[in-house]
Every structure is written in C-alpha cells, then in structure tokens.
Amino acid sequence: MEPSSELDASQSQAVHADAGPLIVAAGPGTGKTRVFSHRVARLIRDLHASPRSILAVTFTRSAAAEMRGRIRGLLAGSGADLGELWIETCHAAAFRILREEAYPYQGEFSILREEDKPGLLEGLLPSSERASLLDEIRGLKQGLQWPQSGPALAFQQRLQERRLLDFDDLFLFVLRLFDEKPESLKRWRQRFDHVIMDEFQDTSLAQYRFISRLAGEDFCVIGDPDQSIYGFAATPFSPFAQFRRDHPGCRVLSLTENYRSQAVILDAAKQVIARNRAQVPRCLRARLQRGLPVDISGHQSDRQEAEMIARRVEGLLGGASRFTVDSGWAQTGEEARCHGLADIAILYRLNAQARLFETALERAGLPYVTYGKKIKKDGVLIDEAEDLEDFRDSETAAPRGEAITLMTVHRAKGLEFPVVFLTGCEDGVLPFRRAADGRRAEPRIEEERRLFYVGMTRARQRLFISYARQRFLFGKTLKLAPSAFVADIAEELRRIQEQESPPRKRPGLQPDLFNL
DNA sequence: AACGGGCTTCTTTTT
DNA sequence: GAAGCCCGTT
Ligand SMILES: Nc1ncnc2c1ncn2[C@@H]1O[C@H](COP(=O)(O)OP(=O)(O)OP(=O)(O)O)[C@@H](O)[C@H]1O
Ligand SMILES: [Mg+2]
C-alpha cells in the first residue's frame with residue numbers, strides 16, 4: 001500500500017488552502033478523503049489549532065471512525081493528539097450539541113428509531129394511513145417546518161411526552177436552539193473555527209443550514225456532484241450550488257488525478273457518467289496503468305449469475321495469499337490468483353439480491369459478510385452496528401477481515417476494493433424501476449446512473465459487471481434487458497461473455513444491446 | 001384473543 | 001415470497 005502521507009500538487013494545494021470558504025469538488029478516487037484527513041491533521045500539527053476548534057463532518061459513523069484513525073496516524077510522532085476534536089456525522093453533531101445544551105429537554109432524551117415510528121401512531125390512525133402521515137411529517141421537517149395541526153401535531157406531542165426526537169427533529173431543534181438562544185449559537189460558533197465536511201454532495205437542506213450556522217471563516221466542503229445518490233431520501237437540494245450562493249467568491253478547487261482505479265476501469269466509468277449533464281466540465285485522469293478490460297457477463301438467470309460469480313471468486317483467490325488483505329498485486333495487468341477474500345466486493349442495487357449470492361458463496365465454502373440487510377432475531381429487528389458480532393456466531397457468516405463483502409452500491413460509497421462485482425445490471429433493477437404498472441414508472445435516471453458510476457469507481461483492479469435475463473423479484477419472475485448503462489461502455493474497454501441460452505433456436509435478429 | 005384468507009406492497013439510507 | 005394489514009370468523 002502506498003504511503004498515505006503523500007499528496008500531489010493539487011491535493012497539497014487543497015490541504016494548504018487558507019481559511020475561507022472552500023469547495024473541493026472532484027471525481028472518485030482523486031483523494032478527496034485523503035485531503036480531508038490531511039487538512040485536519042495540518043490544522044492541528046502545523047497550524048497549532050486546538051483540536052476542539054475543529055468540526056469534521058463525515059457521512060457515516062463508520063467513515064467517522066475510520067477518519068479518526070487516519071488522522072491519529074497522521075499526527076503520530078508529532079506530539080499532538082486528537083484531544084476534543086469532533087469527527088461526527090451531521091446527526092451526531094446536532095445530537096451532541098442538543099445534549100450539551102440540555103435542549104429541548106433537561107436530562108435524558110433519545111432518538112426514535114425509524115422502525116419504531118409507526119408504533120408511536122398506535123391508536124391515532126389506522127395503520128394503513130400511518131406511512132403516508134410519516135411521509136408528510138418527513139416532508140414538513142425536511143422543509144424545516146414543524147407539524148402545526150392534525151395527526152402530524154399529535155405525533156409530535158407523543159414524541160414530546162416520551163422525550164424522543166426523530167432524526168429530522170435533530171436539525172429542527174438545534175436550529176431552534178440557535179434562534180432562541182443566540183448566546184448558545186455564539187458559543188458554538190466561537191468554538192468551531194474550522195469546519196470541514198466530506199461527501200458534501202449528499203448534504204440535505206436541514207443539515208446544510210445547521211452546519212452553516214456553526215461555520216465561520218474556515219468552512220471547507222468536499223465532495224463530488226456525480227456521486228450524489230441520496231436524492232431520494234430528502235427534498236431536492238443542491239448543496240454545492242447553495243454553498244456558492246452563500247459564499248460568493250469562495251475558492252473552488254478540483255482534483256483530477258485518480259489513484260484508485262486502473263485506467264480501463266476509470267475510462268469506462270467516465271463514458272457512463274458522460275451521459276449526465278455536468279455543471280462543470282469533468283476532468284479525471286487515471287494514474288494507474290490500463291489493466292484488464294471490464295468483464296461483462298450476461299446470464300440466463302439471477303441464480304446463474306450468483307453461481308458464476310462464486311466460481312469467478314474462486315479463480316481470483318490466491319492460494320497462499322488467500323487470507324491476505326488487499327495484496328496489492330495486479331499492477332501487472334495480468335489475471336492472477338492473487339487476491340484475498342477481503343479484496344473482493346459484490347455490489348447490488350437491492351438488498352433482496354443478496355440472498356442468492358449468500359447461497360452460492362456458502363455452497364462454494366467461501367466466507368462473506370453481508371452489510372446492511374435488515375436482521376431479525378427472535379422476530380425482533382436488531383441493530384446491526386451493535387449486534388452484528390453476536391449475530392454472526394449464529395450464522396454462517398465470517399468475521400470481517402477475511403471475508404468477501406456483500407453490500408448495496410449505496411453502502412459502498414467512499415469505499416474501494418481491488419475486485420468489484422457490480423451485479424444485477426438490468427433495465428429495471430439498475431436503473432431501478434418500480435413495478436411496471438405503477439404510475440411512477442420513470443426512474444430518476446440520472447441518480448441511477450450516478451449509482452452505477454459509484455459502483456464502477458469502487459474498483460481498483462478488476463471490475464466485473466453482470467446481468468441476468470431473468471430475475472425473480474418481489475414474487476415475480478421478470479424478463480429483463482441489460483441495463484442501458486452497460487451499453488455506454490465502449491467495446492475496446494470491455495470483454496463480454498453472454499452465457500449461452502438453453503437449447504432454443506432464436507431468429508438471427510437478436511437485438512444486440514452492445515451494438516447500439 | 002387468536003386464526004386465517006384475501007389484499008397490498010415491496011428500493012436505495014443516514015442517524 | 002414475505003410481510004403487514006384488514007376484517008370476518010371461531
Ligand atoms: N497522492 C496520492 N498518491 C497515492 N495514492 C493516493 C494519493 N491520493 C490518494 N491516493 C489513494 O487513492 C485512493 C482514493 O483516495 P480517496 O479515498 O481519498 O479518494 P476520494 O476522492 O475520497 O474517493 P471517493 O470519491 O470514492 O470518496 C486511496 O486508496 C488513496 O490512498
Ligand atoms: Mg472519499
């Protein structure tokens with residue numbers, strides 16, 4: 001692994017950019033997250049900023065944990081430590097402030113988990129109307145409005161009786177706190193001289209308002225508009241555009257060198273994303289050598305897809321290095337059995353797709369870890385983060401570190417793997433389209449394309465794209481065409497293998513997706 | 001209260 | 001296919 005201390009010229013410029021509103025907008029694998037950690041480390045180590053004056057915002061808790069480790073590593077030997085540095089998600093930062101301010105309640109209060117929300121409406125509404133009320137409440141809160149009347153208000157009162165906040169409330173309350181108690185806002189603003197955010201493209205309006213109120217002169221946001229994949233979860237909002245409006249004349253830096261993916265993979269990904277309108281012309285160059293073509297395979301069925309991937313994985317695993325993490329080979333551009341289990345990720349659009357892979361991997365005796373799937377234990381939903389370790393004992397799954405990773409593309413955001421299988425690349429699955437008869441049959445195609453792009457750009461050395469002609473989903477067997485995204489990859493960058501169909505004569509005119 | 005048949009719905013997810 | 005929900009029956 002390359003030393004994580006190196007920076008190229010643009011990265012260095014971003015790290016050393018003076019305090020002042022700063023956007024770092026750059027493509028995947030260009031070292032945005034590296035810049036983030038170095039910028040924080042530099043503040044502490046070189047500029048002697050007090051760690052407690054820094055607020056570093058990440059998208060997930062696991063990213064926060066990893067960031068903590070990276071920064072600690074960068075500070076090692078300098079005598080400095082992390083002190084009271086805040087590395088938090090937006091939600092966690094809001095929650096911490098509310099707790100420290102004992103607002104809106106003295107003493108204990110807690111967060112209502114998403115799955116417990118409907119229960120709170122017990123007796124208030126027939127359960128068939130609960131979901132839509134919760135949607136309505138979310139809509140209100142996302143627009144920074146408090147529920148004012150009707151069952152929405154009743155829900156809010158029930159939260160209050162139980163000293164509970166839902167996730168959206170965190171921002172409503174912290175913003176209200178700042179409005180009601182200017183002295184409190186002043187204190188927090190004075191504390192956080194330096195605010196930095198990663199994955200800024202997925203910041204919601206409420207989150208942005210919250211962080212903006214805390215931030216002073218030194219406010220740095222880092223992200224990639226082409227990797228915005230959580231639009232579905234919030235009301236439409238363009239954080240980069242808003243930041244520019246709020247900070248006219250802010251500095252805008254970009255990073256153009258991709259250190260993650262071999263050139264063929266990156267070029268293929270660029271061809272796909274090129275179909276989305278770019279606000280700013282894209283510039284992204286591979287630093288690694290070309291590598292092997294993107295491997296595209298079509299299968300007769302979803303089961304076949306899973307079986308073939310399991311076999312493929314076996315072929316990739318190096319004998320001796322089978323259990324080494326990220327063995328760092330394949331710079332040679334040669335196919336080789338040199339990978340460890342932890343080097344390999346199987347990515348998919350829908351959690352429901354995971355099961356077939358689990359079955360196939362189990363049959364092949366290959367250890368894996370599935371992330372994010374809702375897990376029930378004795379009929380009760382358990383929280384993965386805390387309880388997965390125990391849970392694993394009772395299942396076939398393996399401990400982290402020597403297992404294949406199974407997760408949705410959404411979850412893979414920000415991560416990288418030497419070998420990536422991007423699966424279920426069918427029209428209707430990726431891009432996902434709700435059941436054909438539904439009104440909202442139109443997928444939000446640009447976001448789906450970004451998702452595909454995120455999936456592709458997780459790969460360092462090998463990218464396998466696969467689709468099935470037939471898939472069993474939601475109780476129906478669907479006939480599916482390959483995703484149009486696949487056809488956007490130029491011939492010279494890919495190698496296609498269509499698994500031959502069972503003996504059935506087909507007319508010569510077979511629509512060939514790849515010769516559009 | 002507990003059972004079961006018929007009905008609908010079912011992404012992606014942060015906390 | 002599985003789960004949740006409604007509603008009528010035991
Ligand atoms: N200057 C550099 N020299 C060598 N390797 C680098 C350099 N900068 C970054 N890398 C490596 O490139 C990979 C991608 O870096 P990083 O995760 O920071 O990119 P990113 O822009 O945050 O990607 P994403 O958009 O997917 O979040 C990592 O493996 C990182 O160690
Ligand atoms: Mg990153």
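Order of the sequence lines fixes the chain letters, A, B, ..., with proteins taken first and strands second; residue numbering starts at 1 for each chain.
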Can you tell me the distance, in whole Å, between the CZ atom of A:Phe210 and the C1' atom of B:dT14?
-> 14 Å
Between atom NZ in A:Lys117 and atom P in B:dT15, what is the gap in whole Å?
-> 15 Å
Rounded distance (Å) that lies between atom P of B:dT11 and atom CD of A:Glu114 | 14 Å
Would you say a side-chain N or O of A:Arg411 is under 4.0 Å from OP1 or OP2 of B:dT14?
-> yes
Base, sugar-phosphate, or nothing: which does A:Phe95 touch, judged by heavy atoms less than 4.0 Å apart?
-> nothing
Taking only N and O in the side chain of A:Arg61, is any of them less than 4.0 Å away from OP1 or OP2 of B:dT15?
-> yes
Euclidean distance, atom NZ of residue A:Lys141 to atom P of B:dT15 [Å, nearest integer] = 18 Å
Name the atoms and distances for all side-chain donor-acceptor pairs under 3.5 Å in residues 87-95 of chain A, with sequence neighbours left out.
| unit_1 | atom_1 | unit_2 | atom_2 | d |
| --- | --- | --- | --- | --- |
| A:Glu88 | OE2 | A:Arg96 | NH1 | 2.5 |
| A:Thr89 | OG1 | A:Ala92 | N | 3.0 |

Using a cut-off of 4.0 Å on non-hydrogen atoms, how would the nucleic acid contact of A:Ala92 be classed: base, sugar-phosphate, or nothing?
-> nothing
Determine the contact category for A:Tyr230: base if any of its heavy atoms lies under 4.0 Å from a base atom, sugar-phosphate if only primed atoms, P, OP1 or OP2 are that close, otherwise nothing.
-> sugar-phosphate
Whole-Å distance between B:dT12 C1' and A:Asp202 CG?
-> 11 Å
Is it the case that more than 12 heavy atoms not belonging to A:Arg303 sit under 6.0 Å from its CZ atom?
-> no
Out of B:dT11, B:dT15, B:dT13, which nucleotide sits closest to the side chain of A:His91?
-> B:dT15
Taking only residues two or more places apart in sequence, or in another chain, which ones meet A:Asp202 in a salt bridge (charged side-chain N to carboxylate O under 4.0 Å, His left out)?
-> A:Lys413
Under 4.0 Å: is that the gap between some side-chain N or O of A:Asn351 and OP1 or OP2 of B:dC10?
-> no
What's the CZ-P distance between A:Arg450 and B:dT11, to the nearest Å?
-> 21 Å
Under the 6.0 Å and 45° cation-pi test, does A:Arg213 pair with A:Trp188?
-> no
Any idea which heavy atoms bring A:Ile229 and A:His410 closest together, and the distance?
-> O-NE2, 3.1 Å
Would you indicate, yes or no, if B:dT13 has its OP1 or OP2 atom less than 4.0 angstrom from a side-chain nitrogen or oxygen of A:Thr60?
-> no
A:Ile211 atom CD1 is separated from B:dT14 atom P, nearest whole Å, by 18 Å
To the nearest Å, how far apart are A:Asp169 CG and B:dT14 C1'?
-> 15 Å
Please indicate yes or no: is the ring centre of A:Phe232 less than 5.5 Å from the centre of the six-membered base ring of B:dT12, with the two planes inclined by under 30 degrees?
-> yes
Which nucleotide sits closest to the side chain of A:Phe59: B:dT14, B:dT15, B:dT11?
-> B:dT14
